Amino acid sequence: MSYDHKKLARKWARAWVKNKKLYAAQDGSKKPKRYVLDMFPYPSGEGLHVGHTEGEVATDIYARFLRMQGYNVLHPMGWDAFGLPAENFAIKNKVHPAKVVKKNVANFKKQMDAVGLGYDWAREINTTDPDYYRWTQWIFLKLFERGLAYEAEVPINFCPSCKTALANEEVVGNGVCERCGTVVERRNLRQWMLKITTYADRLLKDLDGLEWSEQLKSMQRNWIGRSEGAELDFRVYHEKQDKVLFACINEKGETLLERRKGGAFAGKWLFPGGKIEREDTDMVQAAMREIEEEAGFGARDVEYLGFLGYFHPKAGKGNIPLLVFRMKKKNAKPAANTGHELKWQSVDEMPKEYGHDEFVEMFEGVRDAVKTGRVFPSAVSVFTTRADTLYGATYAVLAPEHPLVQENILGIENYKEVSAYVVAAKNKSDLERTAEAKGKTGVRLEGVKAVNPANGRAIPVYVADYVLGGYGTGAVMAVPAHDERDFAFAQAHGLPIEDVVVSADANCIIVHGSPQKDRRQEAGYLPDNERHWLPWLKETMEARGVKTFAPSMPTPWAPRHEEWKKEFEKLPVGEQSILVGHSAACSFLMRWLGERKRKVKKLILIAPSKVLKGEETARLEELYAFDIDASVRTLADDIEIIVADDDIDRIKESARLFGEALGVKPLWLPHGGHFTFLAMGTHEFPEALAAATRMKKAFTDDGVLIRSGKFTGMTSAVARTEIVRFVKGKEVVNYKLHDWIFARQRYWGEPFPLVFCECCADEVKSQKSKVKSSTFSKGELLNPGWIAVPEKQLPVKLPNVKSYEPSGTGESPLAKIDTWVKTKCPRCGGPARRETNTMPQWAGSCWYYLRFMDPKNKKALVDPKKEKYWSPVDVYVGGAEHAVLHLLYARFWHKVLYDIGIVSKKEPFHKLINQGLILGPDKQKMSKSKGNVINPITIVDQHGADVLRMYEMFMGPLEDAKPWDTQGIAGIVRFLERVHKIVRATAGIKKATPAKSQNSELERSVHKTIKKATEDIEHFHFNTAISALMILLNEMEKQSQMSKINCQMFVLLLAPFAPFLAEEMWEILGKKGSVHAQTWPKFDKKLVVENMFDLVIQINGKVRDVVRVQKGISESEAMQQATASENVKKHIEGKEICKKIFVPDRLINIII
RNA sequence: GCCCGGGUGGCGUAAUCGGCAGCCGCACAGGACUUAAAAUCCUGAGGUCGCAAGACCGUGUGGGUUCAAAUCCCACCCCGGGCACCA
């Protein structure tokens, strides 16, 4: 007879509602606490899905288990209810989003109750409740006050379908909106930004102490993307530049003029600088020198402002950079050292007749630049993590967004082409950019050169979109030899590739196949290579910093593999080795690699020999007796076969053989025979060898420096800091993480507690220059005109509007409500207007876990005592989709709250578990379109909540993705039916419970199960805990009669998993009170210790018998047992036992 | 391409301080009960050979270490997730 799960659900749901204490967390308790939290859901119209319930059932089981263990457990639930779906539904159906939310919440709650989730509903919260978002606004004000919020007009990700801005974290895949999958546009919009980058380091470092999966931690680390490197300055100049001009400006905006003897001041107000040497890395220093010589002002008196651009004295002729300096001293008096007269002069006062119009124009330019700050550095600063490769920088690349290409101040000669490229790059979608990732495009800036600060070498400058404007300085030095992207670009554009770092264990091993002779006599050699190829190659490689070995092999005429192997293995062959074989040695190398399966960098086979032919090759038979192992092709990054087309037939055949096996086309050279004897012969062979040893891809590892001036021989690690110091660079840390775009142009979100006041804006601007004693907060100074709404006036409530429709122009619908927008400035009382953007979806969820600790507090976000008691969240369970969104934002806010003393712990969530996806029965992701969605409530209706809960937990490990098996539920249904049956049977026994002895074996099993279940639940291994309960039930059913006590134990163990049935069974067993308020059973240590064990008897590692024996038996006793076995006897008969391995309480292995 | 996971019967999985591979469940087969079916209960089952006792093979593939490998090492293949020009 099956039990009526619907009746149980009704009966116990009612009882639990009445029993208010059952799931309530107690404030001010002396008991140890545990805070078990689910990621609170967005209450969608769809209701709960199986993904929700998986995590929620897991935390519910855990919370029930902890309560039974005597902990004071906080296990609350709430609603993250701001957001687009409710708003869109509201727009479509013309209802207020709040009403939609209310309805959905009621549905969610009903469904959660149906699943038997024991939340402390007295602590329910909702992010859209003004009493809640009042504190969201309050936290925003704290961020604002501390200068962590700022307004900026930045290019942002805009979703044209959602009609709102998106955070970087919300753009997924190839630049599509995380929510709706629409391709995201770039738009410039005024935004509120949060300085999450300030916390980048702490967000990174504090990950270490958390019990999160490595996967998740690495996702966060990756997102933060910290990299240590340096900024190095590359002076940029125009090729035709030979002089420098500079202007000095004083505090009054006047410029320093010079009058030559007897002449007018006209036209001479700029000092023409002296000649700039190409190698002069610092144009500014040169100009300073000039200022000192001409006017007596030292480096301390003036400050370099920047670079205005190139000046062309006579249109098109000459390119003279114009630098601007400002006097630091007030009323500085110039004193000419040259006999010329000097004075400060305002351009306004300068009579027209004084000078050329173009000088006046330039002066205006200088003044304008100083005023607006539009000056440029005369050097390009690049960010690199590989300063050790600086000597290998053969060109520089600017991002299309870089100011030096945005405005042509460098005198780029092909600027039309360049700007066309820049525009094209800007219009490329992320999708296109990604698709083109492999082919690197770019345009050279004609006429412009950069100076490598290490060696003074002038290198070309490019603009290319493989350099990102938003990272580092938006400019890079390109080292093609040691960076894959630069390598690809250099290859595409024919730029030099010069390696300056070699692997510390790079070497070249040349094995000759025939007696080596130096033949330098033949005519017609290239002068450079007039030697045997072997010493030539050795020299060439060593010049590149590669250690080279050319071992003499024993018995070269009739080689023996083993002997060669012995000799060869004395050499340091490694992953960075280049192996060069010649003739018979090619066979040796192939054979050796096939045997040893060692990875090497390159394998070069010259005139390979393997094929035997008649008696002349009898001497080679031993060495060649092997099968070519084709897997050798995977062992070397690069394989070359070189053979001459007039070599003998068996060599040519060998070359084809090797080529086929290795998937390499042998290179046929037109001249030369078996190379050894022809030595270098003609140029083809050395060229082929040089090509074969050339870099085929960038070497990006650390190593030892070569060709790097005085740094040659240093390791990369040391050279990195030394070179930065040498070129006066600065060490900097960069992050991939950007500041958080914290505004949405929609209605249904938290209003910002800010107003804009023109009057205060002016006040702030004037105060800024007046310094110090400001009454404005950091945020108000940082954002002139934006004034914080006083805390007392919080919450700034979301007004009612007629239409929630977003405008799509970047204005929120709130902007249309004049009565709400127009307000008084809380500071000066003047007219002001409210911020009409709203906060993004993530705001409310950044701190909700704190509110659960003290949900009704009117005076504070959370009472400090309560916070201290409950923090941190001990276990947090939710989906992996929040890995870099919610979990990063919440950690950021938490750290800010920590800094202002609101919270006591550095991190909010100690242990975090991501439940794995539940896939449809077809093993595909569940989706409406695939029609494979399982609704948990359907399962509850059919089989009851207990079945749903246990089945979801039994499917497999919580964190794994696993498919739903509709038939698999039957197992759980049967299990619970059998539990019901056996408990009823046991409860019905009127007689006294059977004597203990009858049940002693079962009792052991019960206690072992208690142990197993307890440990498994502690580790969230619910699938194995349930399995243990099943095993116990199977055993119980074998008993003719059960004792009530064992039955009770079983029900207690079942209670967290199947709360309804367990409660019913508890009642049937005649026990008082709720089963969920009982104490979790403890196991008896004596009962779980076995005194017998299964001794495994192995012969030569194979199991031959298993006997059950006393624990602790000795080796000889075990041996006795073993030899007594028939099967064992059979196997050892007539054999000699040479060894015995005995593992106490486990096995004995007899070796014969 | 890079970084994390992972690969075990027909299926979900169990066993990882190296020590009996396949627990538990599903599906399956045979039997009992039944007029019959369902449900329930009992039994069986990794593969090959064998009446059986048992033997051999077997944890993605190949190799290695070891008395002993799903577990450790090396190489490769495949699947899932994340990142993707971050210098």
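Sequence lines set the chain letters: A, B, ... in the order given, protein chains first and strands last, and positions in each chain run from 1. None of these values were measured; they are calculated from a predicted model.
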A.B. asks: Rounded to the nearest Å, what distance is computed from the CD atom of residue A/E214 to the P atom of nucleotide B/C4?
C.D. replies: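 The distance from CD of A/E214 to P of B/C4 comes to 9 Å, rounded to the nearest Å.
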
A.B. asks: Could you measure between the two P atoms, the one in B/U8 and the one in B/A14, and give it in whole Å?
C.D. replies: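 Between the two P atoms, the distance is 11 Å.
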
A.B. asks: Assign each of A/G474 and A/M955 to its nearest nucleotide of RNA chain B by heavy atoms, then name whichever residue's nucleotide is nearer the 5' end.
C.D. replies: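 Looking at the nearest nucleotide for each, A/M955 comes out on the 5' side.
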
A.B. asks: Give one of base, sugar-phosphate or nothing for A/R978, where a contact means two heavy atoms less than 4.0 Å apart.
C.D. replies: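 Sugar-phosphate only.
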
A.B. asks: What integer number of Å spans the P atoms of B/U65 and B/G5?
C.D. replies: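 27 Å, rounded to whole Å.
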
A.B. asks: Considering only atom C1', compute the distance from B/U59 to B/G46 and round it to an integer number of Å.
C.D. replies: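 It works out to 11 Å between them.
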
A.B. asks: So, do A/Y462 and A/H493 have ring centers that fall under 6.0 Å from each other?
C.D. replies: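 For A/Y462 and A/H493, the ring centres are under 6.0 Å apart.
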
A.B. asks: Can you see if the side chain of A/K1102 gets near the phosphate of B/C57 - specifically, an N or O under 4.0 Å from OP1 or OP2?
C.D. replies: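 For B/C57, OP1 or OP2 has a side-chain N or O of A/K1102 closer than 4.0 Å.
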
A.B. asks: Quick check: do A/K565 and A/E569 have side-chain heavy atoms less than 4.5 Å from each other?
C.D. replies: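 Yes, close enough: below the 4.5 Å cut-off.
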
A.B. asks: Can A/R720 and A/E228 be counted as an ion pair, charged N to O under 4.0 angstrom?
C.D. replies: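 So A/R720 does not pair with A/E228 through a salt bridge.
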
A.B. asks: With sugar-phosphate meaning primed atoms plus P, OP1 and OP2, does A/Q1098 contact a base, only sugar-phosphate, or nothing at under 4.0 Å between heavy atoms?
C.D. replies: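 If one applies the 4.0 Å heavy-atom cut-off, A/Q1098 turns out to touch a base.
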
A.B. asks: Look at the side-chain N and O atoms of A/N1034 and state whether any lies under 4.0 Å from the OP1 or OP2 oxygen of B/G25.
C.D. replies: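 Checking A/N1034 against B/G25: at least one side-chain N or O falls below 4.0 Å of OP1 or OP2.
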
A.B. asks: I'd like to know if A/E977 and A/K981 make a salt bridge, using a cut-off of under 4.0 Å between side-chain N and carboxylate O.
C.D. replies: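 Looking at A/E977 and A/K981, the cut-off is not met.
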
A.B. asks: When rounded to the nearest Å, what value does the distance between C1' atoms of B/U43 and B/C33 take?
C.D. replies: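 The same atom, C1', in both gives a distance of 15 Å.
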
A.B. asks: Checking one value: the base orientation of B/G64, syn if chi is within 90 degrees of 0, otherwise anti.
C.D. replies: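 In terms of base orientation relative to the sugar, B/G64 is anti.
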
A.B. asks: So which nucleotide from B/A14, B/C26, B/C41 ends up closest to the side chain of A/T1024?
C.D. replies: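 Shortest atom-to-atom distance from the side chain points to B/A14.
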
A.B. asks: On a whole-Å scale, what distance lies between the P atoms belonging to B/U48 and B/G9?
C.D. replies: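 Their P atoms lie roughly 15 Å apart.
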
A.B. asks: Quantified in whole Å, what is the P atom distance between nucleotide B/G10 and nucleotide B/G1?
C.D. replies: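 Roughly 32 Å separates the two P atoms.
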
A.B. asks: Please determine if a side-chain N or O atom of A/R1104 lies less than 4.0 Å away from the OP1 or OP2 oxygen of B/G54.
C.D. replies: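 Negative; the distance criterion is not met.
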
A.B. asks: How would you label the contact of A/K923 with the nucleic acid (heavy atoms, under 4.0 Å): base, sugar-phosphate, or nothing?
C.D. replies: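 The answer is sugar-phosphate, as A/K923 gets under 4.0 Å only of primed atoms, P, OP1 or OP2.
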
A.B. asks: Using a 3.5 Å limit on both distances, find every run of at least three consecutive Watson-Crick or G-U pairs that involves RNA chain B.
C.D. replies: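 If one scans RNA chain B for consecutive Watson-Crick or G-U pairs, the stems found are B:1-7 with B:77-83, B:10-12 with B:24-26, B:28-32 with B:40-44, B:46-49 with B:54-57, B:60-64 with B:72-76.
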
A.B. asks: Measure from the side-chain heavy atoms of A/K981 and tell me the nearest of B/U40, B/C83, B/C26.
C.D. replies: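 Comparing B/U40, B/C83, B/C26 against the side chain of A/K981, the answer is B/U40.
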
A.B. asks: Counting side-chain heavy atoms from C-beta on, which of B/G12, B/C67, B/C83 comes nearest to A/I1141?
C.D. replies: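 Of B/G12, B/C67, B/C83, B/C67 is nearest to the side chain of A/I1141.
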
A.B. asks: Does B/G54 have its OP1 or OP2 closer than 4.0 Å to a side-chain nitrogen or oxygen of A/H1131?
C.D. replies: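 Answer no for this pair, as no side-chain N or O of A/H1131 is under 4.0 Å from OP1 or OP2.
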
A.B. asks: Distance between the P atoms of B/U61 and B/U71, in whole angstroms?
C.D. replies: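 After rounding to an integer number of Å, I get 11 Å for this pair.
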
A.B. asks: Which part of the nucleic acid, if any, lies within reach of A/S227 when heavy atoms closer than 4.0 Å are counted: base, sugar-phosphate only, or nothing?
C.D. replies: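 Counting heavy atoms under 4.0 Å across all strands, the contact made by A/S227 is with sugar-phosphate only.
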
A.B. asks: Looking only at the side chain of A/D965 (C-beta and beyond, no hydrogens), which of the listed nucleotides B/C20, B/C24, B/C26 gets closest?
C.D. replies: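 My answer, after comparing the listed nucleotides, is B/C26.
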
A.B. asks: Any side-chain donor paired with an acceptor under 3.5 Å for A/D486 and A/Y466?
C.D. replies: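 A donor-acceptor contact under 3.5 Å links the two side chains.
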
A.B. asks: Verify the contact: side-chain N or O of A/K1139 to OP1 or OP2 of B/C67, cut-off strictly under 4.0 Å; return yes or no.
C.D. replies: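 The answer is yes; a side-chain N or O of A/K1139 sits under 4.0 Å from OP1 or OP2.
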
A.B. asks: Of the listed nucleotides (B/G19, B/A87, B/A55), which one gets closest to any side-chain atom of A/D483?
C.D. replies: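 Closest nucleotide to the A/D483 side chain: B/A87.
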
A.B. asks: Classify the nucleic acid contact of A/S218 as base, sugar-phosphate or nothing, counting any heavy atom under 4.0 Å across all strands shown.
C.D. replies: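 No contact.
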
A.B. asks: I'd like to know if A/E952 pairs up with A/K962 as an ion pair, taking the criterion as any Lys NZ or Arg NE/NH1/NH2 lying under 4.0 Å from an Asp or Glu carboxylate oxygen.
C.D. replies: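 No, this pair does not count.
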
A.B. asks: In this structure, how many angstroms lie between the P atom of B/C41 and the CG atom of A/L1033, rounded?
C.D. replies: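 Rounding to the nearest Å, CG of A/L1033 and P of B/C41 are 10 Å apart.
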
A.B. asks: Using a cut-off of 4.0 Å on non-hydrogen atoms, how would the nucleic acid contact of A/Q215 be classed: base, sugar-phosphate, or nothing?
C.D. replies: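 It contacts base atoms.
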
A.B. asks: When the P atoms of B/A29 and B/G7 are considered, how many whole Å apart are they?
C.D. replies: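 About 30 Å, rounded to a whole number of Å.
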
A.B. asks: B/C85, B/A55, B/C26: which one has an atom nearest the side-chain heavy atoms of A/N1127?
C.D. replies: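 Comparing B/C85, B/A55, B/C26 against the side chain of A/N1127, the answer is B/A55.
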
A.B. asks: Picking from B/A14, B/A87, B/G82, which would you name as closest to the side chain of A/T385?
C.D. replies: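 Shortest atom-to-atom distance from the side chain points to B/A87.
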
A.B. asks: Quick one: sort the A/Y3 and A/H980 rings into parallel, tilted or perpendicular, breaks at 30° and 60°.
C.D. replies: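 Ring orientation of A/Y3 relative to A/H980: tilted.
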
A.B. asks: Answer yes or no: is there a donor N or O on one side and an acceptor on the other, between the side chain of A/T473 and the main chain of A/S381, under 3.5 Å?
C.D. replies: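 Looks like yes, one N/O pair under 3.5 Å.
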
A.B. asks: Please pick, from B/C24, B/C67, B/A27, the nucleotide with the shortest atom-to-atom distance to any side-chain atom of A/S1027.
C.D. replies: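 Looking only at side-chain atoms, A/S1027 lies closest to B/C24.
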
A.B. asks: For A/V1103, which contact category applies under a 4.0 Å heavy-atom criterion: base, sugar-phosphate, or nothing?
C.D. replies: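 It contacts sugar-phosphate atoms only.
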
A.B. asks: Can a side chain N or O of A/Y471 be found less than 4.0 Å away from OP1 or OP2 on B/A87?
C.D. replies: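 Yes, such a contact exists.
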
A.B. asks: Just N and O in the side chain of A/R974: are any of them under 4.0 Å from OP1 or OP2 of B/A27?
C.D. replies: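 Yes, such a contact exists.
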
A.B. asks: Which part of the nucleic acid, if any, lies within contact of A/I1151, taking any heavy atom under 4.0 Å across all strands shown: a base, the sugar-phosphate backbone alone, or nothing?
C.D. replies: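 A/I1151: backbone/sugar contact only, no base atoms under 4.0 Å.
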
A.B. asks: Taking the minimum atom-to-atom distance to the side chain of A/M1030, which one of B/C24, B/G54, B/G19 wins?
C.D. replies: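 Nearest to the side-chain atoms of A/M1030, counting from C-beta on, is B/C24.
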
A.B. asks: Among B/A14, B/A87, B/G19, which nucleotide sits nearest the side chain of A/L468?
C.D. replies: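 Shortest atom-to-atom distance from the side chain points to B/A87.
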
A.B. asks: Any N or O donor-acceptor pair under 3.5 Å from the base of B/C67 to the side chain of A/N1100?
C.D. replies: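 Flag unset: no donor-acceptor pair detected.
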
A.B. asks: Run the salt bridge (Lys or Arg N to Asp or Glu O under 4.0 Å) check on A/E484 and A/K440 step by step: do they pass?
C.D. replies: CA-CA 11 Å; A/E484 276 159 28; A/K440 302 236 175 323; over 6 Å; no

A.B. asks: Run the salt-bridge test on A/E1035 and A/K1038 with the 4.0 Å N-O cut-off and return the result as yes or no.
C.D. replies: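 Not counted as a salt bridge, because no side-chain N and carboxylate O are separated by less than 4.0 Å.
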
A.B. asks: Any donor-acceptor pair under 3.5 Å between the side chain of A/K440 and the base of B/C85?
C.D. replies: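 Between B/C85 and A/K440, which were checked side chain against base, a qualifying N/O pair under 3.5 Å is present.
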
A.B. asks: For B/A14, does either OP1 or OP2 sit under 4.0 Å from a side-chain N or O belonging to A/N1023?
C.D. replies: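 For B/A14, OP1 or OP2 has a side-chain N or O of A/N1023 closer than 4.0 Å.
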
A.B. asks: Can you check whether A/Y395 and A/F489 have ring centres sitting under 6.0 Å from each other?
C.D. replies: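 Yes; A/F489 has its ring centre under 6.0 Å from that of A/Y395.
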
A.B. asks: In terms of the nearest nucleotide of RNA chain B, which residue is placed more toward the 5' end: A/G472 or A/V1106?
C.D. replies: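 Whichever sits nearer the 5' end wins; that is A/V1106.
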
